[in-house]
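The figures that follow rest on heavy atoms only: side chains count, while hydrogens, waters and symmetry mates do not. Residue numbers begin at 1 in each chain, while the letters A, B, ... track the order of the sequences.
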Amino acid sequence: MLSPEASQPNSSPTPNPSPQGGGESTASVATSRGISAGIRIAPALAHNTGFSAGLRHARYILSENAVTGFAFALFLAIVLAALAGPYLVPYDPLASDTAAALKAPSAAHWFGTDQLGRDVFSRVVVATRLDFFIAVASVALVFLMGGLAGVAAGFFGGWTDRVVGRIADTIMAFPLFVLAMGIVAALGNTVQNVVLATAIVNFPLYARIARAEANVRREAGFVQAARLSGNGELRILLAQILPNIMPIMVVQMSLTMGYAILNAAGLSFIGLGVRPPTAEWGIMVAEGSAFMVSGEWWIAFFPGAALMVAVFCFNLLGDGLRDIVDPQRRT
Amino acid sequence: MGPRLHGDDYMVGANAAMLMMVVKRMLIAVPSLIGVVIVTFLLTRALPGDPAAYFAGPAATKEAIEQIRVTLGLDRPLYVQFIRYVGDLARGDLGNSLTTGQPVGYEIKTRLPASAELTLLGLMVSMAIAVPLGILAATRPNSIIDHVCRVVSTAGVSLPVFFTGLILIYVFYYLLGWAPAPLGRLDVFFSPPPHVTGFYLVDSLIAGGGEVFFASLKQLVLPALTLGIFSLAPIARMTRASMLAVLASDFVRTARASGLTPFTVIVTYAFRNAMLPVITTLGMVFSFLLGANVLVEKVFAWPGIGSFAVEALIASDFAPLQGFVLTMAVMYVVLNLLIDVLYGLIDPRVRIEA
């Protein structure tokens, strides 16, 4: 997907801004600062100008592209619901009230009630935490597995490259959702295994991107400078290469968040991972699906819509971040 | 890479090069297939606890579990088990389903046409919508149709496929009453056409039954549309992007300058070249489709291999699931192989590179 050429702007051979910073251009310090402030250790010299320039660039993008701003606001709302959801909702998401079962949306129950009389609005909001957790955890895990394996493959080459490539090819030989089904069914029907399966099916994507990005930088000026000043290969990999490809990986992580949520919800829709009565969007849609043919649309509609909004938000955010980090790939 | 052919060598070498390309590509598929078999084998052996208990099912007695352990060879070393597994596969033996009591291979064989018919129709629907949309968007950048294309392709990937299916059922079955009940391939009042291909649409035409044809088409419309909407996004995006690139190229400029009509330029010159990258994305689209198929089959109670696997999952019946994962993966590897060969047939440059 990402060709080495497309990432050239980040490794363009411009004059050294600082001896410690190697051959990295000021512009790329600026952009990476804007995204992953705090993740990377940038040279102190470039810090001030780089950070404020990054912020300015980000603000420019946000004002240019209102959609990204909207997506960011939506993202904050999702984070808020994930953190404080249980304290915000009007009803206990698990408390059933059979007298009030299958009621259409009203002032008392904004999203109506389900077959057991549980408040759909409360359940949708509370479920945000679990769905968000699954997405964040699986993306973090795949970054650790696929990202690091890919960087190592691209930087060291040789047998590391062959082993990582072979693993990625084998995973790619499966339709991804089907493989995820098989993994969760085999390892056991738990949320942890849904996270693991989602991470495994995304492994090839991360490994390939990280490999391509690390590969074009393996003989870059700043790498050779670091090597000449006596750094070990592993240290160069972790302290020079990895921070440099972080912006691109962060964009990828944002883009895969949406897929991770969809994947997890799909698995729980067919009965894998999350079990009733837990509030989770996929399983709520599954529970409501039987009532769709008899007209009680709200039970499945609202969790499904929440799922859609969350995925839409992550995709827009990912596109926006890519515009900031890698303006050439804007479509 | 390899040796490049020049000038007069071209025509002589073209057919041989094509053959070489196909053979080479088939050899690349072999390690993938080996990988698939190893992974599906390891999946069962990774089961927590006792695999024999899994295969015997939740209701089995201790003796039954022991018997299964011996018949499956689970008391032997891992490599012996693997050799055995490969041997079983070579004979087409995928084990038995506990829930239906039938061999898994038989179940999959009888259910596969239902899934294939649905998936292929879904692909046709999405191509029929996405390709014209992408072309129109590329020929009129920043017009309304371009924005429509962008919104549709972003929304398409954001829609959970099972959710789209349920919304379609609610609107077209419950509210409008246009679609039949989402309960399988054919209304209960009709009997399936005599088996020829297993595709009801084709079989009913062969049997000359127009009524059965329309009845099964009616059942197919909503699930196929659901799959189509889901896989539309990557095709539309790719068509638009590659069409934009081709329209900006020198040969299109020359064609325009030579006074050809816009229609000829777009359809005969640009479109044929722009379709090449779209064919490569079909591999990814099939990965989407085969996965989404499972969810769509559950929503529409479609009697394909996806719902077979879901039923097996619910019953903790592992042999069908293993057979299902293997079948899907093998189909996917073969589909990718076909796509690459097709690409080579269409684009001579690939043959020469091979």
Side-chain angles (χ1 to χ4, degrees), chain A residues 1 67 166-167 169-190 193 201 258-259 261-263 265-267 269-272 281-282 285-286 288-289 291-297 300-301 303-305 307-316 319 331, chain B residues 31-36 38-40 42-49 150 154-155 157-167 169-170 173-175 181-182 237 240-241 286-295 298-299 309-310 312-314 316 318 321-322 324-325 328-329 331-333 336:
Chain A
M1 293 191 93
V67 179
R166 181 52 60 208
I167 293 173
D169 284 349
T170 305
I171 294 172
M172 291 287 281
F174 289 86
L176 297 183
F177 186 74
V178 172
L179 180 63
M181 273 173 75
I183 293 171
V184 180
L187 295 183
N189 202 344
T190 63
N193 288 332
V201 299
Y259 175 76
I261 289 193
L262 274 187
N263 196 60
L267 289 173
F269 181 77
I270 57 171
L272 284 171
W281 294 332
V285 176
S289 65
F291 296 94
M292 216 61 169
V293 285
S294 55
E296 285 92 4
W297 53 273
F301 177 79
L307 196 53
M308 196 182 82
V309 169
V311 178
F312 198 57
C313 165
F314 290 128
N315 287 343
L316 288 178
D319 285 343
T331 45
Chain B
S32 296
L33 285 175
I34 295 173
V36 162
I38 293 176
V39 170
T40 44
L42 287 179
L43 276 182
T44 31
R45 298 318 182 260
L47 287 171
R150 186 171 302 169
T154 314
V157 285
S158 308
L159 274 170
V161 64
F162 46 90
F163 184 58
T164 328
L166 288 171
I167 296 289
I169 289 176
Y170 181 72
Y173 169 68
Y174 180 78
L175 287 185
R237 259 184 198 213
R240 178 178 171 277
F286 267 114
S287 170
F288 276 20
L289 275 174
L290 293 177
N293 199 42
V294 179
L295 298 167
K298 182 171 192 279
V299 171
V310 172
L313 266 182
I314 292 164
S316 301
F318 205 80
L321 194 76
Q322 190 186 21
F324 163 76
V325 174
M328 283 296 218
M331 274 190 346
Y332 184 53
V333 170
N336 271 322

Quiz item: Which of the residues B:Val333, B:Ile38, B:Val36 is involved in the greatest number of heavy-atom pairs with chain A at under 4.5 angstrom?
Solution: B:Val36
Quiz prompt | Option that, when pairs with chain B are counted at under 4.5 Å, heavy atom only, ranks first among A:Ser294, A:Gly288, A:Ala310, A:Ala300 | solution = A:Ser294
Self-check item: Separation between OG of B:Ser32 and CE of A:Met172, rounded to the nearest 0.5 Å
Solution: 10.0 Å
Self-check item: Engaged part of B:Ile169 at the chain A interface, taking heavy atoms whose separation is under 4.5 Å
Solution: side chain
Quiz prompt | Shortest non-hydrogen separation from A:Leu307 to B:Pro160 and the atoms involved | solution = CD2-CG, 3.5 Å
Exercise. Would you check if B:Ile167 and A:Met292 make a side-chain contact, meaning some heavy-atom pair closer than 4.5 Å?
Key: yes
Exercise. Answer whether the closest heavy-atom distance between the side chains of B:Tyr332 and A:Leu179 falls below 4.5 Å.
Key: no
Quiz item: Which word best sums up how the rings of B:Phe162 and A:Phe269 line up, parallel for under 30°, tilted for 30 to 60°, or perpendicular for over 60°?
Solution: parallel
Quiz item: Using a cut-off of under 4.5 Å for heavy-atom pairs, which of A:Ile171, A:Leu316, A:Thr170, A:Asp169 has the most such pairs with chain B?
Solution: A:Thr170
Quiz item: When you look at B:Asn293 and A:Phe177, which way does the side chain to side chain contact (heavy atoms under 4.5 Å, CB included) test go after all the steps?
Solution: CA-CA 10 Å; B:Asn293 199 42; A:Phe177 186 74; over 6 Å; no
Quiz item: side chain to side chain donor-acceptor pair (under 3.5 Å) with B:Ser158: which residues, sequence neighbours excluded?
Solution: A:Asn315
Quiz item: Mind checking whether B:Phe163 and A:Phe301 have side chains closer than 4.5 Å, heavy atoms only?
Solution: yes
Quiz item: Relative to chain A, which of B:Ala181, B:Pro31, B:Ala292, B:Ser287 shows the most heavy atom pairs under 4.5 Å?
Solution: B:Ser287
Self-check item: Distance in Å, B:Leu43 CG paired with A:Leu187 CG, rounded so as to fall on 0.5 Å steps
Solution: 7.5 Å
Quiz item: What part of A:Ile167 lies closer than 4.5 angstrom to a heavy atom of chain B: side chain, backbone, both or neither?
Solution: neither
Quiz item: Quick one: what part of B:Leu321 sits under 4.5 Å from any heavy atom of chain A, side chain, backbone, both or neither?
Solution: side chain
Quiz item: With a 4.5 Å limit on heavy-atom distance, are the side chains of B:Leu313 and A:Met181 in contact?
Solution: yes
Quiz prompt | Contact leader toward chain B among A:Val293, A:Val309, A:Ile183, where contacts are heavy-atom pairs under 4.5 Å | solution = A:Val293
Quiz prompt | Spatial distance of atom CG (B:Leu166) from atom CZ (A:Phe291) [nearest 0.5 Å] | solution = 12.5 Å
Quiz item: When only pairs under 4.5 Å are counted, which of B:Phe324, B:Phe288, B:Phe286 shares the most heavy-atom pairs with chain A?
Solution: B:Phe324
